Every structure is written in structure tokens, then in C-alpha cells.
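All values reported here derive from a predicted model rather than from experimental measurement.
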Amino acid sequence: MDKILNNLGLCQRASGLISGEEMVLNAISSGQVCYIFLAKDASEASKKKILDKALFYKVEINEVYTSIELSHAIGKTNRMVIGIINKGFLKILKK
């Protein structure tokens with residue numbers, strides 16, 4: 001597992017992220033999300049919803065990882081989208 005995925009697990013344990021399409025969409029609208037991990041194997045409908053909302057609210061998106069990689073990193077199952085809500089962790093993830 002690479003460094004970013006390892007740090008995602010740490011971020012999860014520190015309550016620095018949210019996951020799940022509806023939760024992330026709501027958090028984007030309220031300005032809580034500062035960065036998004038979107039699974040490259042997410043459905044086209046899910047991708048469109050997330051990409052449109054992220055573009056409107058100017059939130060950067062990472063589409064490098066699969067849903068299996070993202071899910072495993074945070075210790076959950078079937079996660080297609082993860083929103084980073086802690087700016088301190090975002091600095092760690094982007095190093």
C-alpha cells in the first residue's frame with residue numbers, strides 16, 4: 001500500500017474524513033470538504049454528481065485509486081468517494 005493510502009487510514013482514525021456519496025455531496029455543499037478521492041471504477045452517474053459538485057465548489061479531486069484500494073485504506077467496504085475534511089491531513093496527503 002502506498003503512502004497516501006496509509007495516511008488515509010490515519011485520517012479515518014482521526015475523524016478527518018467522511019465517506020459515502022451522499023455524505024460527501026452534502027459536505028461539499030456546506031464547505032466542509034477540502035479534497036476528494038473518487039474511485040476510478042465508480043459508476044458514471046456517481047462520477048458526474050461528484051465531479052459537477054466539486055467543480056462548482058472548486059474542490060480538487062483525485063481519481064487514481066480503485067474503490068477496493070480506497071475502502072481497504074479506511075477499513076470500510078464499498079467506498080467510491082472519500083472527502084477530506086481536515087486541512088491538516090490534506091497537507092500530509094499531498095506531500
Subject >> Shared hydrophobic cluster, I92 / L17 (ILVMFWY, side-chain heavy atoms < 4.5 Å) >> reply: no
Original post:
Would you say F37 and I61 are hydrophobically clustered, going by side-chain heavy atoms of ILVMFWY under 4.5 Å?
Top reply: no
Original post:
Quick one: are L55 and L51 in side-chain contact, heavy atoms under 4.5 Å?
Top reply: no
Subject >> Approximate separation, where rounding is to 0.5 Å, of S43 OG and K48 NZ >> reply: 12.5 Å
Original post:
Is the backbone N or O of D41 less than 3.5 Å from a side-chain atom of K47, with the two atoms forming a donor-acceptor pair by type?
Top reply: no
Original post:
With a 4.5 Å limit on heavy-atom distance, are the side chains of C11 and I84 in contact?
Top reply: yes
Original post:
If you group Ile, Leu, Val, Met, Phe, Trp and Tyr by side-chain heavy-atom gaps below 4.5 Å, do F56 and I36 land in one group?
Top reply: yes
Subject >> ILVMFWY cluster, I82 and I85 together (side-chain gap under 4.5 Å) >> reply: no
**OP:** Provide the closest heavy-atom pair for Y35 versus V59 in the form atom of the first, atom of the second, distance.
**Re:** N-CG1, 3.7 Å
Original post:
Can you list the residues that meet the salt bridge (Lys or Arg N to Asp or Glu O under 4.0 Å) rule with E63, with sequence neighbours excluded?
Top reply: none
**OP:** Starting at CG of N26, measure out to CD of E21 and round the result to the nearest 0.5 Å.
**Re:** 10.5 Å
**OP:** Please name all residues satisfying side-chain contact (heavy atoms from CB on, under 4.5 Å) with N78, sequence neighbours left out, ordered by chain then number.
**Re:** M80
**OP:** Kindly compute the distance separating CD1 (I28) from NZ (K58), expressed to the nearest 0.5 Å.
**Re:** 13.5 Å
Original post:
Which is it for V33 and Y57 under the side chain to side chain contact (heavy atoms under 4.5 Å, CB included) test, yes or no, and what are the steps along the way?
Top reply: CA-CA 10 Å; V33 174; Y57 287 96; over 6 Å; no
Subject >> pair E22-L25: side-chain heavy atoms closer than 4.5 Å >> reply: yes
**OP:** Taking S71 for its side chain and R79 for its backbone only, find out whether a donor-acceptor pair lies under 3.5 Å.
**Re:** yes
Original post:
Would you say I4 and Y65 make side-chain contact, with heavy atoms under 4.5 Å?
Top reply: yes
**OP:** Can you see which heavy atom on A39 is nearest to which on S67, and at what distance?
**Re:** CB-N, 3.5 Å
Original post:
Do I74 and L5 sit in the same hydrophobic cluster, where Ile, Leu, Val, Met, Phe, Trp and Tyr count as joined when their side-chain heavy atoms come under 4.5 Å apart?
Top reply: yes
